[in-house]
Amino acid sequence: MTALSADVAASPGAAPETAARPGSRAWQRSGRSGPAKGAKSVARIISVPVTVFLLASFVTYGLGALGHANPAAAVLGDTATPADITRLNHVFGLDKPFLVQYVDWLGHALTGNLGQSYFTTIPVSTSVEQALPVDLSLAVLALAIAVLAGGAFGIAAALRPGSRFDHTVTLVCSGLATVPPFIVGIALIVIFAVTFKVLPSGGYVGLSQDPGQWLRFAILPALALSVEGGAAIARQLRTSLAGALKENYVTGAAARGLSSRRVLMRHVLRNAAGPALTVLGLEIPNLIGGAVVAEKIFNLPGVAQLALQAGNEHDIPVIQGTLLVTIGVVLISNIAVNLALSRLSPQSRRRQRAGATA
């Protein structure tokens with residue numbers, strides 16, 4: 001590795017750093033305080049989602065607990081006496097103060113106990129465990145399609161700025177980004193299930209049961225969910241890459257004989273991936289929202305259908321449990337994206353290099 005490689009790995013336009021004495025103010029400002037600063041960054045990234053989770057869980061429980069539905073009366077039916085309703089309310093714990101109910105529910109939820117259905121008495125965690133793999137497998141497949149397709153078209157367009165291909169990708173992605181997933185899903189069913197009859201229009205087979213059949217049933221809903229995100233990633237990556245390719249360090253790398261492929265994949269893409277990764281994080285809640293419609297169109301037994309069925313029956317514990325799990329999945333995904341963004345930041349890379357040379 002030449003001296004140029006270190007310059008390329010740094011952020012675009014970064015000025016050379018002079019040596020600073022460990023412990024000095026310059027040393028601390030330059031990010032060479034190392035692990036302590038990195039730990040603070042991680043703590044800050046995690047603390048915000050934890051706060052959001054607590055607030056969201058409070059709202060989630062409050063909407064169910066403060067509603068006008070009377071679960072005990074609904075379970076016992078029209079022949080229930082007031083004494084029977086009072087007794088069942090005590091069994092459900094609904095005669096306790098609201099804050100006591102919330103703290104008990106959240107404490108049990110954090111240990112995996114989401115309560116049980118008022119009507120079937122099946123533990124909510126059991127129902128969620130059966131439905132959640134459907135959504136997670138579809139979400140992972142949809143994200144993979146969005147990243148691969150969006151990344152490929154974004155990189156290709158950035159390497160041909162101003163060309164007909166570049167304009168076509170920008171125009172097509174701008175249009176696809178505005179199409180709702182249910183429209184894409186219906187179109188895919190008409191084309192591949194009705195017209196050509198090469199893929200099923202609905203249903204689901206578990207990945208652990210038969211990976212081949214899982215892919216046949218999952219590919220259409222995953223494509224429907226991936227179109228919007230893939231278009232957004234392609235547009236953002238194209239814009240950030242086109243700007244990064246004009247930086248001086250790229251010209252210097254080419255002048256010193258580094259291959260364009262190496263400069264692009266190892267340095268330019270890393271510097272330009274931040275905005276696209278941010279878009280990817282923003283698309284995760286959209287995937288969750290789109291899953292509600294996708295599960296209905298493709299007849300998938302996912303968490304969204306479980307929540308909709310519970311809503312129709314006023315089964316409050318199931319509604320609260322599915323919402324809490326969904327919130328947790330979204331926040332964990334956002335934490336992962338933010339941690340990845342922090343690793344890609346120039347300050348983080350400077351801290352890593354300083355720690356390696358310390």
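- Residues Gln320 and Leu323 fail the side-chain proximity criterion, which asks for heavy atoms closer than 4.5 Å.
- Between Phe98 and Tyr102, the two ring planes are parallel [angle under 30°; tilted spans 30° to 60°].
- Closest heavy-atom contact between Ala224 and Phe298: CB-CE1, 4.4 Å.
- The list of ring pair (Phe, Tyr, Trp, His ring centres under 6.0 Å) pairs with a residue in residues 121-173, not counting sequence neighbours, is empty.
- Cluster membership for Ile332 and Ile46, using ILVMFWY side-chain heavy atoms within less than 4.5 angstrom, is not shared.
- Phe53 meets the ring pair (Phe, Tyr, Trp, His ring centres under 6.0 Å) test with no other residue; sequence neighbours excluded.
- Under the 4.5 Å side-chain heavy-atom criterion for Ile, Leu, Val, Met, Phe, Trp and Tyr, Ile327 and Leu132 are members of the same hydrophobic cluster.
- Ser125 contributes no side-chain N or O that, together with a main-chain N or O of Asn113, makes up a donor-acceptor pair within less than 3.5 Å.
- Separating the CZ atom in Phe192 from the CD1 atom in Ile219 is a distance of 9.0 Å, to the nearest 0.5 Å.
- Applying the salt bridge (charged side-chain N to carboxylate O under 4.0 Å, His left out) definition to pairs two or more places apart or across chains, those involving residues 98-120 are Lys96-Asp104.
- Between the OG atom of Ser201 and the CD1 atom of Ile297 there is a distance of 11.5 Å, given to the nearest 0.5 Å.
- Within the 4.5 Å cutoff, side-chain heavy atoms of Val184 are placed close to those of Leu188.
- Phe217 belongs to a hydrophobic cluster whose remaining members, ordered by chain and number, are Val205; membership requires side-chain heavy atoms of ILVMFWY residues under 4.5 Å apart, directly or through intermediates.
- Heavy atoms only, all atoms of each residue included: Leu277 and Ala340 are closest at CD2-CB, 3.5 Å.
- Taking the side chain as every heavy atom from C-beta outward, Leu141 and Leu225 never approach each other to under 4.5 Å.
- Taking CG of Leu136 as the start and CG of Leu143 as the end, the distance is 10.5 Å to the nearest 0.5 Å.
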**Message:** One pair to check against side chain to side chain contact (heavy atoms under 4.5 Å, CB included): Ile316 and Tyr61. What are the steps and the verdict?
**Reply:** CA-CA 9 Å; Ile316 304 300; Tyr61 188 82; over 6 Å; no

**Item:** side chain to side chain contact (heavy atoms under 4.5 Å, CB included) assessment of Gln305 paired with Leu300
**Value:** CA-CA 8 Å; Gln305 289 303 304; Leu300 301 173; 5.9 Å; no

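- The shortest distance between side-chain heavy atoms of Leu264 and Leu159 falls below 4.5 Å.
- From Arg235, atom CZ reaches atom CG of Leu237 across 13.0 Å, with rounding to the nearest 0.5 Å.
- Residues Pro301 and Tyr204 approach most closely at CD-CB, 3.8 Å, considering heavy atoms.
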**Worked verdict on Leu88 versus Leu76 for side chain to side chain contact (heavy atoms under 4.5 Å, CB included)** = CA-CA 9 Å; Leu88 195 56; Leu76 294 174; 3.7 Å; yes

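- Closest heavy-atom contact between Val263 and Ala253: CG2-CB, 3.6 Å.
- Val140 belongs to no multi-residue hydrophobic cluster, having no ILVMFWY side-chain contact under 4.5 Å with any other such residue.
- Among pairs with a residue in residues 158-175, those fulfilling salt bridge (charged side-chain N to carboxylate O under 4.0 Å, His left out) read Asp166-Arg238, at least two apart in sequence or across chains.
- Residues Val330 and Ser333 form no side-chain contact, since every pair of their non-hydrogen atoms from C-beta on lies 4.5 Å or further apart.
- When atom types are taken as modelled, the side chain of Ser240 and the backbone of Ala272 share a donor-acceptor pair closer than 3.5 angstrom.
- No more than 12 heavy atoms of other residues, nucleotides or ligands sit less than 6.0 Å from atom CG of Asn248.
- Using a 4.5 Å cut-off on side-chain heavy atoms (C-beta onward), Ile319 and Leu63 make no contact.
- Between the side chain of Asp135 and the main chain of Val303, a donor-acceptor pair closer than 3.5 Å is present.
- Separation of atoms CG (Asp315) and CD (Gln116) is listed at 10.0 Å; rounding is to 0.5 Å.
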**Request:** Just do the side chain to side chain contact (heavy atoms under 4.5 Å, CB included) check on Thr278 and Val337 with the steps written out, would you?
**Result:** CA-CA 7 Å; Thr278 302; Val337 170; 5.9 Å; no

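- Expressed to the nearest 0.5 Å, how far CD1 of Ile335 lies from CD1 of Ile45 amounts to 9.0 Å.
- Each of Ile284 and Ile145 belongs to its own hydrophobic cluster when Ile, Leu, Val, Met, Phe, Trp and Tyr are linked at side-chain heavy-atom distances under 4.5 angstrom.
- Leu148 and Leu241 are members of different hydrophobic clusters when ILVMFWY side chains are connected at heavy-atom separations under 4.5 Å.
- Remark: Phe182 pairs with no residue by the ring pair (Phe, Tyr, Trp, His ring centres under 6.0 Å) rule, at least two apart or across chains.
- Exactly one residue among Val169, Leu171, Leu176 makes a side-chain contact (heavy atoms from CB on, under 4.5 Å) with Cys173. That residue is Val169.
- Between Asn334 and Pro49 there is no side-chain heavy-atom pair separated by less than 4.5 Å.
- Across all non-hydrogen atoms, the minimal contact from Pro221 to Leu138 is CG-CD2, 4.0 Å.
- Legend: salt bridge (charged side-chain N to carboxylate O under 4.0 Å, His left out) pairs involving residues 195-221, not counting sequence neighbours: none detected.
- Counting heavy atoms from C-beta on, the side chains of Leu331 and Val50 never come closer than 4.5 Å.
- Across all non-hydrogen atoms, the minimal contact from Ala244 to Val268 is CB-CG1, 3.7 Å.
- Residue pairs satisfying the ring pair (Phe, Tyr, Trp, His ring centres under 6.0 Å) criterion with at least one member in residues 113-141, sequence neighbours excluded, are listed as follows: Phe92-Tyr118.
- Within the structure, no pair that satisfies the salt bridge (charged side-chain N to carboxylate O under 4.0 Å, His left out) test touches residues 281-308, not counting sequence neighbours.
- Other residues sharing the hydrophobic cluster of Ile122, ordered by chain and number and joined by side-chain separations under 4.5 Å: none, the residue standing alone.
- The hydrophobic cluster around Leu282 extends to none of the other residues, as no ILVMFWY side-chain heavy atom falls under 4.5 Å of it.
- Ile186 and Val198 fall within the same hydrophobic cluster, defined by Ile, Leu, Val, Met, Phe, Trp and Tyr side-chain heavy atoms under 4.5 Å apart, directly or through other members.
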